[in-house]
Amino acid sequence: VQDHLEYIIAETEYNQKQLNYALNLSKTNMAVIDSLRILLQTGSKIEEINRLTLELFAINTAPIKQNAFDTFIETGDIRYVQKYEVKAAVFDMYTMYDKVSLADRLALQHTMITSIPTY
């Protein structure tokens, strides 16, 4: 059980770094989107519009690992955790990852749909 919990902690640290990276990248991307919006409104500097558009196509999502959690659950070893608070914390954390992933996918879909210029 202790090994599982240590793997979950290590995985959580990795996920936290990935989410922080994604957050910082999204701030940068928002600046690029603002610049692109202004250029699209003016219709000038086509080369710059193309460059910024290609930069936005390279948007990466934060890969969230769930291997340690899946292994802990699939083996059934979580039943050996005596403290309810620990079990609840593990489940809550991974439920949050699912919500973050869903929000990320929805935001990307929304951005793709609403950023198409109308002529």
Side-chain angles (χ1 to χ4, degrees):
V1 172
Q2 190 58 39
D3 286 344
H4 283 297
L5 293 175
E6 288 174 12
Y7 292 139
I8 286 176
I9 290 169
E11 191 171 84
T12 301
E13 290 170 350
Y14 169 84
N15 289 342
Q16 184 179 20
K17 288 177 186 175
Q18 292 299 316
L19 291 170
N20 282 330
Y21 171 77
L23 181 62
N24 291 332
L25 185 61
S26 69
K27 291 175 185 175
T28 302
N29 287 338
M30 287 305 296
V32 171
I33 289 169
D34 286 342
S35 298
L36 186 57
R37 183 179 52 80
I38 292 168
L39 289 172
L40 287 170
Q41 288 173 343
T42 64
S44 62
K45 299 184 181 180
I46 298 300
E47 296 82 15
E48 184 68 5
I49 290 172
N50 289 340
R51 186 187 69 76
L52 292 175
T53 301
L54 290 174
E55 188 176 322
L56 288 174
F57 278 132
I59 292 176
N60 291 322
T61 58
I64 303 294
K65 289 186 176 181
Q66 287 192 231
N67 297 340
F69 175 74
D70 292 343
T71 302
F72 200 21
I73 300 304
E74 288 172 7
T75 61
D77 289 346
I78 195 162
R79 72 182 180 271
Y80 297 118
V81 175
Q82 299 297 319
K83 294 184 179 180
Y84 172 79
E85 295 81 17
V86 173
K87 286 182 186 180
V90 169
F91 278 105
D92 288 348
M93 180 174 51
Y94 282 93
T95 301
M96 184 270 310
Y97 289 149
D98 290 341
K99 290 176 185 175
V100 168
S101 293
L102 177 61
D104 189 38
R105 287 192 309 272
L106 290 174
L108 184 58
Q109 287 175 356
H110 177 73
T111 300
M112 295 175 86
I113 291 170
T114 59
S115 64
I116 299 172
T118 56
Y119 297 98

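As a basis for the values below, the full set of heavy atoms in this structure was taken, side chains included, without hydrogen atoms, waters or symmetry mates. Since the structure is predicted, the reported quantities are computational estimates derived from the model, not experimental observations.
- Atom CG in Leu40 sits 11.0 Å away from atom OG in Ser35 (nearest 0.5 Å).
- By the side chain to side chain donor-acceptor pair (under 3.5 Å) test, Arg51 is found to be paired with Glu48, Glu55, residues two or more places apart in sequence or in another chain being considered.
- The hydrophobic cluster containing Ile38 does not contain Leu54, counting ILVMFWY residues as joined when their side-chain heavy atoms lie under 4.5 angstrom apart, directly or transitively.
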I'd like a table of donor-acceptor pairs (distance under 3.5 Å, sequence neighbours excluded) in which one partner is a side-chain atom from residues 79-89, with atom names and distances.
residue, atom, partner, partner atom, Å
Arg79, NH1, Gly76, O, 2.7
Gln82, NE2, Tyr80, O, 3.4
Lys87, NZ, Val81, O, 3.3

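- To the nearest 0.5 angstrom, Asn20 atom CG is 11.0 Å from Asn15 atom CG.
- The side chain to side chain contact (heavy atoms under 4.5 Å, CB included) test applied to Leu19 returns Ala62, Ile64, Tyr97, Val100, not counting sequence neighbours.
- To the nearest 0.5 Å, atom CD1 of residue Ile46 and atom OG1 of residue Thr53 are 9.5 Å apart.
- Within the structure, the salt bridge (Lys or Arg N to Asp or Glu O under 4.0 Å) test picks out no pair touching residues 18-47 (sequence neighbours left out).
- Of the inter-residue distances, the one linking Asn29 atom CG with Asn24 atom CG reads 11.0 Å to the nearest 0.5 angstrom.
- Residues Ile78 and Met93 fall within the same hydrophobic cluster, defined by Ile, Leu, Val, Met, Phe, Trp and Tyr side chains chained together at heavy-atom separations under 4.5 Å.
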Donor-acceptor contacts under 3.5 Å from residues 2-13 side chains, at least two apart:
residue, atom, partner, partner atom, Å
His4, NE2, Asp77, OD2, 2.7
Glu11, OE1, Ala68, N, 3.4
Glu11, OE1, Tyr94, OH, 2.4
Glu11, OE2, Asn67, N, 2.9
Glu11, OE2, Ala68, N, 2.8
Thr12, OG1, Ile8, O, 2.7

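- Under the 4.5 Å side-chain contact rule for hydrophobic residues, Leu23 and Tyr14 do not share a cluster.
- By the side chain to side chain donor-acceptor pair (under 3.5 Å) test, Thr42 is found to be paired with Ser44, residues two or more places apart in sequence or in another chain being considered.
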